[in-house]
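We name chains A, B, ... by the order of the sequence lines, and we start the count at 1 in each one.
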Protein chains: 2
Amino acid sequence: MFMSKAAITRLSILQKAFDLIYMKGYQACSIDDILATTELTKGAFFYHFKTKDQMGLAMVNEVMYPGMKKALINPLIAAQDPVEALYHMMEHVLLHAPFFQVQYGCPAVNLIEEMAPLHASFHQALLQLILQWQEAIRTCVKQGVASGKINQDVNPDGVAAFIIAGYSGIRNMGKLVGVSCYHTFLKELKMYLKTLS
Amino acid sequence: MFMSKAAITRLSILQKAFDLIYMKGYQACSIDDILATTELTKGAFFYHFKTKDQMGLAMVNEVMYPGMKKALINPLIAAQDPVEALYHMMEHVLLHAPFFQVQYGCPAVNLIEEMAPLHASFHQALLQLILQWQEAIRTCVKQGVASGKINQDVNPDGVAAFIIAGYSGIRNMGKLVGVSCYHTFLKELKMYLKTLS
DNA sequence: TTGTAAACATACCAACTAGTATGTTTTCTA
DNA sequence: TAGAAAACATACTAGTTGGTATGTTTACAA
């Protein structure tokens with residue numbers, strides 16, 4: 001896949017922005033901060049992006065969305081055992097995602113927390129992210145019900161809400177307590193998932 | 001309880017700060033923003049607080065901590081039925097806490113998300129908050145186990161992590177989806193709590 | 001090779017930030 | 001009631017912010 005030099009520049013800005021925003025927050029991360037980690041200047045930044053917010057939205061759509069799809073959605077598609085797939089998705093993203101650091105939580109959860117109430121455009125973009133994941137979990141549970149591996153009276157919407165909330169929440173708690181709560185959470189998640197079948 | 005005029009001024013700054021920080025975030029909320037909602041000026045602010053951060057910490061300890069203790073901890077102390085107490089605590093804080101607005105989530109969760117990774121002093125103060133709640137939930141579950149109302153093989157640490165994570169997470173999700181997910185979450189929480197007994 | 005538009009760099013600006021220096025008023029005690 | 005300290009108000013600063021105006025370089029087609 002060919003990328004022009006300009007396209008590489010643009011993507012590198014988005015990547016560096018993603019790294020910094022992950023650790024500092026969106027509003028606390030200035031354009032100068034981002035540019036300081038690159039070899040670029042403001043001319044380059046504002047050539048590729050009209051405003052900081054437009055860059056932020058591009059970051060959501062072009063960096064965060066592909067990342068979350070790979071880690072959170074693809075493992076659920078066409079899963080043999082839905083219960084096991086749900087657990088392993090969670091365990092993998094919590095314990096084995098190499099980029100994530102426990103003190104900084106999850107980039108997507110962070111951005112939702114900070115920007116969803118403030119900017120309608122961020123709200124919209126991040127809502128799509130969550131709805132995609134929600135749908136993937138729901139479908140996964142429904143397939144489990146259809147194949148008889150999950151109890152009939154289980155509510156797929158409820159399970160999806162529980163899992164998404166659990167993930168977002170334990171990312172929050174991890175910022176204070178550290179990784180130990182991840183393990184505690186995963187144990188309890190396994191117990192919970194067992195009650196579904 | 002008598003309060004000097006100065007004490008009232010100080011507390012009103014903390015209250016207004018709490019309101020604004022709840023809606024805008026800590027770093028995005030400037031001292032001028034806070035003072036604009038009062039009849040005060042910078043002289044008053046920096047007479048009562050050495051820095052913005054010291055004001056923020058006072059807000060955590062003197063406004064947020066009492067609030068969360070009243071809503072999240074007291075209802076669990078000496079609860080007759082622990083399972084019912086846990087559910088009602090959650091239902092009440094999610095649906096009936098008058099100050100909270102779904103699009104802004106929970107003030108404590110917001111501040112943890114934003115400040116825990118950045119400031120050690122905030123991290124410390126907010127950690128105390130969460131540890132208190134965690135301990136209250138754990139004690140509540142243990143009492144349930146002791147009284148035979150909760151199954152012996154239930155892990156109090158796991159339940160506490162699950163509930164705290166669930167709460168923080170659904171507050172996050174509510175910012176995107178709205179109150180509907182609160183109801184879905186509460187239904188599933190009821191199912192989960194039922195499996196404990 | 002040459003022209004030209006794309007892809008940047010440099011130098012700026014007005015608005016805002018936390019914080020300070022120095023006043024003035026209020027409160028309360030002696 | 002006088003005075004002094006507490007409780008504020010006013011005016012300012014240096015640094016940072018997103019964004020702009022204008023220049024220079026690079027890539028690429030003719």
Within 6.0 angstrom of B/Lys24 NZ, more than 12 heavy atoms from elsewhere: yes
Length of the line joining A/Glu39:CD and C/dA9:P, which is rounded to integer Å: 9 Å
Euclidean distance, atom CZ of residue B/Phe49 to atom C1' of D/dA7 [Å, nearest integer]: 13 Å
Options C/dT17, C/dA6, C/dT10, nucleotide nearest the side-chain atoms of B/Asp32: C/dT17
Residue A/Thr51, side-chain heavy atoms: nucleotide from C/dC8, C/dT20, D/dG19 that is nearest: D/dG19
Nearest-Å distance for atom pair CZ/C1', residues B/Arg10 and D/dC8: 16 Å
Under 3.5 Å donor-acceptor, A/His123 side chain and B/Leu176 backbone: yes
Which nucleotide in D/dA6, C/dA9, D/dG18 has an atom nearest any side-chain atom of A/Ile31: D/dG18
C/dC16 OP1/OP2 closer than 4.0 Å to side-chain N/O of B/Ser30: no
Ring-face cation of B/Lys194 near B/Tyr87 (centre distance under 6.0 Å, axis angle within 45°): no
Length of the NE2-P vector between B/His119 and C/dA18, whole Å: 11 Å
is_close_aromatic(B/Phe49, B/Phe45), centroid dist under 6.0 Å: yes
Under-3.5 Å donor-acceptor pair between B/Lys42 side chain and C/dA18 base: yes
Earlier contact from the 5' end, DNA chain D, for A/Phe46 and A/Asp33: A/Asp33
Nucleotide nearest B/Leu40 when distance is taken to its side chain, options D/dA9, C/dA9, D/dA7: D/dA9
Atom pair distance, as rounded to whole Å: OH in B/Tyr47 and P in C/dT26: 16 Å
B/Thr9 side-chain N/O to D/dC8 phosphate OP1/OP2 under 4.0 Å: yes
Length of the line joining B/Ile8:CD1 and D/dA6:P, which is rounded to integer Å: 19 Å
Between C/dC16 (P) and B/Lys24 (NZ): distance, integer Å: 11 Å
Any donor-acceptor pair under 3.5 Å from B/Glu114 side chain to B/Gln27 backbone: yes
Euclidean distance, atom NZ of residue B/Lys50 to atom P of C/dA21 [Å, nearest integer]: 13 Å
Earlier contact from the 5' end, DNA chain D, for A/Gly43 and A/Gln27: A/Gln27
Donor-acceptor pair (no angle test) under 3.5 Å: B/Lys52 side chain, C/dG19 base: no
Minimum-distance nucleotide to A/His48 side chain [options: C/dC8, C/dT17, D/dA7]: C/dC8
Proximity to the side chain of A/Thr41 - top-ranked nucleotide from C/dT10, D/dC8, D/dT10: C/dT10
